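Below you'll find the structure, written out as C-alpha cells, and then a few comments.
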Amino acid sequence: MRASRRPAPTTPGPRSPSRTPRFRPGLRRTPALALLLAGVLALAACTSGTGGTTGDTAPSSALEASAKAVDLNGWRWDKQPGPMEIGVTHTQDSLDDTEPAQARQRGVDILSSLGQEYQNHHLMGFGTLNPEPRPGEFEWGSLDRRMQLTEETGGKAMLTLCCSPDWMKGAPRDSGDTRWDRLEKAPLPEHFADYANLAKEAVQRYPQVDRVLVWNELKGFYNEAENRWDYEGYTTMYNEVYRAVKSVRPDVQVGGPYVVMSSVPVDSGDASDIRGAWGALDQRPLDVLDYWLRNNVGADFIVVDGSTTNRGQQDAISPVDVGAEKFSVIDRWIQERTQLPIWWAEFYANVPADAQAGFASPASAVSTIAALQAMARSGTQGSLLWGPEGSNSLEYSSLWTPATDEDGGRPTPLTEAWRWLVPKLREGTVELGRATDGSSLGGFRAADGSVLLVNLSADAVPVPGQDDIPGWAIVPMNSSS
C-alpha cells in the first residue's frame, strides 16, 4: 500500500507558466484551432460514445447495433505481448483549487473513475512552483497539492525530475527569484550534485512515488555549435541523480533519457536509415540513446517521446494507423539494443489535414487510440497522455474539457475509451485487431469478450442491414454485445 502524503499548505501561491512549445530543433508550430464550436461537440457526442457535454457515456442505440453487426471473425488479431500501463501527466491547469468548484468536481469524478493509473507530476514547472528557491530552503506546497490530487482520485504517483531552480542555472544563490522564461535551461554542471540532492529530497518527501523520469526532453542540453544533443552532459547529470535517488529509495524505479524521437524528411541531412511513410527517424536522438545506454550507471526503464509527424510535415499520415506505426518502429529499434521496459513519456497523434484537432475532436481521440494500439502491439510497457485537462493551446486529446471554464470538466471523445483501456491493457491479455476487408475499422478485444471498436477514418463504414458506422466513431461494447 502506498504511504500517505504530508499535509499540504493552504496558501495556493502564484501559478507557474503554461507549457512552452516542446523543444525540438527546427520544429514548426501550427496555430491553435478553435475547438469549442457547438457542432464539434455535437459530433463528439454522436460518434464517440462519450455524450459530449452531457456526461452521458452510453453510445447511441443505432451505433451500438451497427457495431454488433460487424463480423470480427475475419479480422487480423495480434495478441498483446505483455502488460501496458497508460496514465497521464498533469500540466499547467489540472483540477486546481482555483478552478470553478463544479467544473473541477466533474473533472475529479472522471479522473477517479479511471482506476489506479499513473499520474505524473513535474518537480518544477507545468503546474508546480520552485521547490528550492534558495539552497536548502524548500517550498513543497504546490507539489503537495498535486500529490494530494493523485491520492484523492486513487491514482499512482510518478515524478518527472525537471526542472531546476534558477540558482542552479547561474542566478545569485540568495535571490530566491524564479524566472519562468528560463525554465527550460539545464542546471550548470557544477550544480548537478545540487540537483541530485533536490531529487533525493523529493523522493523522500513523497514515499508514494515509485517511479521517476530524469529530466524532460533534454531541455537545455542541445549543442547548437555541433547540431546535436549534449548527451555527455545529460548522462553525467542523470548518473548523479540516479545514485542520489537510489541511495535513499532503492525501491524507486529510475529512467531516462526522455529524448524526443523526432523524424525528418528522408532527404534531410539529419535523416537516419530508419524509414517509413512518416519520413525518417532523426539520427540525433538515436545517438542520444546509444550513448546513454552505454554510459549510464543504471536504469530500470527507458523513456522517450514523440509524435506521428516529422518537422517538415505537420499533418498526420492518413489513415492514422499508418502514422501511428512510427511508435512501433521506434519500439523495435530500441528493443534491438536493450531489454529495458519502454515508456512513452509523451506521445502526440496528429490528425489528417482535413480533420479538426483538439480535445473536443473525435479525430484526435481516434488518432490517440491508434497510437496506443501501435505501442501495445510492439510491447510498450507504459505510455502517458500529456495534459488530461483540455486546453485550447494544445491540439490533442484530453480526458475532460477545460475545468477553468464554468461548464468545463466534461467528458471528451476519448474519455470512455480511455476508461475501457486502462485496466484491460494493464492485464496484458488484449487482442489488437484490424479489419481485413479493406474498411477502416480497428479495435481491441479483451479476455472478457468486451470490444472497443474504432473507425480509423472520417469515412462512414457500411454495415449490411444496419446503419453505417460514422467516421471517427469509438464504440465500447461490453461482453454481452
Side-chain angles (χ1 to χ4, degrees), residues 33 35 39-50 52 59-60 62-72 74-78 276-279 307-310 313-328 347-377 395-397 412-418 420-421 432-445 451-464 466-477:
L33 298 174
L35 301 174
V40 174
L41 290 175
L43 180 59
C46 173
T47 65
S48 71
T50 65
S60 71
L63 181 55
E64 187 169 358
S66 297
K68 289 179 182 179
V70 174
D71 182 5
L72 304 179
W75 284 27
R76 187 195 77 217
W77 293 96
D78 300 318
W278 32 264
S307 69
T308 56
T309 58
N310 62 54
Q313 171 198 316
Q314 294 299 302
D315 296 312
I317 304 296
S318 184
V320 295
D321 59 332
V322 175
E325 180 60 21
K326 176 181 173 182
F327 297 107
S328 292
F347 68 99
Y348 299 96
N350 293 70
V351 301
D354 57 354
Q356 180 75 53
F359 64 82
S361 163
S364 286
V366 169
S367 296
T368 299
I369 292 170
L372 290 174
Q373 188 178 79
M375 293 177 194
R377 182 175 283 114
E395 298 173 5
Y396 301 98
S397 279
T412 72
L414 181 62
T415 310
E416 184 65 16
W418 192 271
W420 189 96
L421 288 166
L432 313 159
R434 185 63 202 267
T436 55
D437 61 0
S439 77
S440 55
L441 296 181
F444 302 75
R445 184 165 62 186
V451 172
L452 182 70
L453 189 71
V454 184
N455 185 349
L456 296 161
S457 82
D459 299 325
V461 176
V463 179
Q466 301 286 340
D467 292 337
D468 292 351
I469 295 179
W472 306 125
I474 305 172
V475 192
M477 298 183 293

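What you are looking at is a predicted structure, and each value in this text was computed from that prediction instead of being measured.
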Approximate separation, where rounding is to 0.5 Å, of [X] [atom1] and [Y] [atom2]:
| X | Y | atom1 | atom2 | value |
| --- | --- | --- | --- | --- |
| M375 | F347 | CE | CZ | 5.0 Å |
| L414 | L372 | CG | CG | 8.0 Å |
| Q356 | E395 | CD | CD | 8.5 Å |
| E325 | F327 | CD | CZ | 11.0 Å |

What are the two closest non-hydrogen atoms of [X] and [Y], and how far apart are they?
| X | Y | answer |
| --- | --- | --- |
| G74 | T436 | O-OG1, 2.6 Å |
| M477 | K68 | SD-N, 3.9 Å |
| W472 | A458 | NE1-CB, 3.4 Å |
| A67 | I469 | CA-CD1, 4.1 Å |
| W278 | T308 | CB-O, 3.8 Å |
| A324 | A374 | O-CB, 3.3 Å |

Do side-chain atoms of [X] reach the backbone of [Y] as a donor and acceptor pair under 3.5 angstrom?
| X | Y | result |
| --- | --- | --- |
| Q373 | G443 | yes |
| W77 | L72 | yes |
| S307 | Y348 | no |
| N455 | S457 | yes |
| R434 | L441 | yes |
| D467 | S66 | no |

side-chain hydrogen bond (donor to acceptor under 3.5 Å, both in side chains) partners for D71, two or more places apart: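 D71: side-chain hydrogen bond (donor to acceptor under 3.5 Å, both in side chains) contacts with N73.
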
Which residues share a side-chain hydrogen bond (donor to acceptor under 3.5 Å, both in side chains) with S328, sequence neighbours left out: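 Once residues adjacent in sequence are excluded, S328 has no partner under the side-chain hydrogen bond (donor to acceptor under 3.5 Å, both in side chains) criterion.
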
Which of these, V320, L456, I474, sits in a side chain to side chain contact (heavy atoms under 4.5 Å, CB included) with I369?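 The passing option is I474.
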
Verdict with reasoning, S364 to S367, per side-chain hydrogen bond (donor to acceptor under 3.5 Å, both in side chains): CA-CA 5 Å; S364 286; S367 296; 6.0 Å; no

Among residues at least two apart in sequence or on other chains, which ones pass side chain to side chain contact (heavy atoms under 4.5 Å, CB included) with D354?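 By the side chain to side chain contact (heavy atoms under 4.5 Å, CB included) rule, D354 matches P352.
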
